[in-house]
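What follows is one structure encoded as structure tokens, with my remarks underneath.
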Amino acid sequence: MLTIENAGNLIEIKIKNTLQTDDFMALGEKADKLIDEYGSIRVLMNAEDFNGWENTDAAEKHFSFVKAHHVKVERLAIIAGHMWQHWIAAMARVFMHPEIKVFDKNQLEAARNWLKQ
């Protein structure tokens, strides 16, 4: 499940438990609207409570969303709750457009400040 908030071109996403297929419809609508308005976005993804995907369809929707939107993301800050998230972010840096930085769960304000620079 996702909760989505935004201020200007910054989207804050909080993932609780597992990602579901429908999560990406709401996120896509919000992201597309902000990209149309600002040209690009900055994303804070709080994944400290992320426990995977509900099913393979949800994972496919997630990867499709990333593929369709990553070129319009300037910066991506990830709040990691698990060590494997650091490894995934390191691999994503090779393939994705945005500048990506991973923060530990006690560094939420540092992540927000980095996104505002």
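With sequence neighbours left out, the ring pair (Phe, Tyr, Trp, His ring centres under 6.0 Å) criterion links Phe103 to no other residue. For Ala31, the side-chain contact (heavy atoms from CB on, under 4.5 Å) partners two or more places apart in sequence, or in a different chain, are Ile11, Ile41, Phe65, His69. By the ring pair (Phe, Tyr, Trp, His ring centres under 6.0 Å) test, Tyr38 pairs with no residue at all, sequence neighbours left out. For Met1, the side-chain contact (heavy atoms from CB on, under 4.5 Å) partners two or more places apart in sequence, or in a different chain, are Thr3. Every residue two or more places apart in sequence or in another chain that forms a side-chain hydrogen bond (donor to acceptor under 3.5 Å, both in side chains) with Glu109 is listed here: Arg112. For the side-chain hydrogen bond (donor to acceptor under 3.5 Å, both in side chains) test, no residue two or more places apart in sequence or in another chain qualifies with Asn113. Scanning for side-chain hydrogen bond (donor to acceptor under 3.5 Å, both in side chains) contacts around Asp23 gives an empty result, with sequence neighbours left out.
Within the structure, salt bridge (charged side-chain N to carboxylate O under 4.0 Å, His left out) contacts touching residues 74-87 (residues at least two apart or in different chains) are Arg42-Glu74, Arg75-Glu99. Under the salt bridge (charged side-chain N to carboxylate O under 4.0 Å, His left out) criterion, no residue pair touches residues 55-73, with sequence neighbours excluded.
Note on Val43: it clusters hydrophobically with Val66, by side-chain heavy-atom contacts below 4.5 Å among ILVMFWY residues. One hydrophobic cluster, built from ILVMFWY side chains closer than 4.5 Å, cannot hold both Leu10 and Leu27; they sit in different ones. Cluster membership check: Ile78 shares its hydrophobic cluster with Ile13, using side-chain heavy-atom separations under 4.5 Å among Ile, Leu, Val, Met, Phe, Trp and Tyr. Under a hydrophobic-cluster definition in which Ile, Leu, Val, Met, Phe, Trp and Tyr are linked whenever side-chain heavy atoms come within less than 4.5 Å, directly or via other members, Leu108 and Ile4 are assigned to different clusters. Hydrophobic clustering keeps Val71 apart from Met45 (ILVMFWY residues linked when any side-chain heavy atoms are closer than 4.5 Å, directly or through intermediates).
What you find for Phe24 and Leu19 is that their closest heavy atoms are CZ-CD1, 3.8 Å.
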Evaluate the criterion side chain to side chain contact (heavy atoms under 4.5 Å, CB included) for residue pair Asn9 and Leu34; output intermediate values, then yes/no.
-> CA-CA 6 Å; Asn9 74 334; Leu34 293 173; 5.6 Å; no
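Under the 4.5 Å side-chain criterion, counting only non-hydrogen atoms from C-beta, Gln85 is not in contact with Val102.
Within the model, atoms OG1 of Thr21 and CG of Asn55 stand 4.5 Å from one another, a figure rounded to the nearest 0.5 Å.
The hydrophobic cluster of Met25 has no other members, since no ILVMFWY side-chain heavy atom comes under 4.5 Å of it.
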Review item, side-chain donor-acceptor pairs of residues 47-54, under 3.5 Å, at least two apart:
unit_1: Glu48; atom_1: OE2; unit_2: Asn46; atom_2: ND2; d: 3.3
unit_1: Asp49; atom_1: OD2; unit_2: Lys14; atom_2: NZ; d: 3.3
unit_1: Asn51; atom_1: ND2; unit_2: Asn17; atom_2: OD1; d: 3.3
unit_1: Asn51; atom_1: ND2; unit_2: Asp49; atom_2: O; d: 3.3
unit_1: Trp53; atom_1: NE1; unit_2: His62; atom_2: ND1; d: 2.9

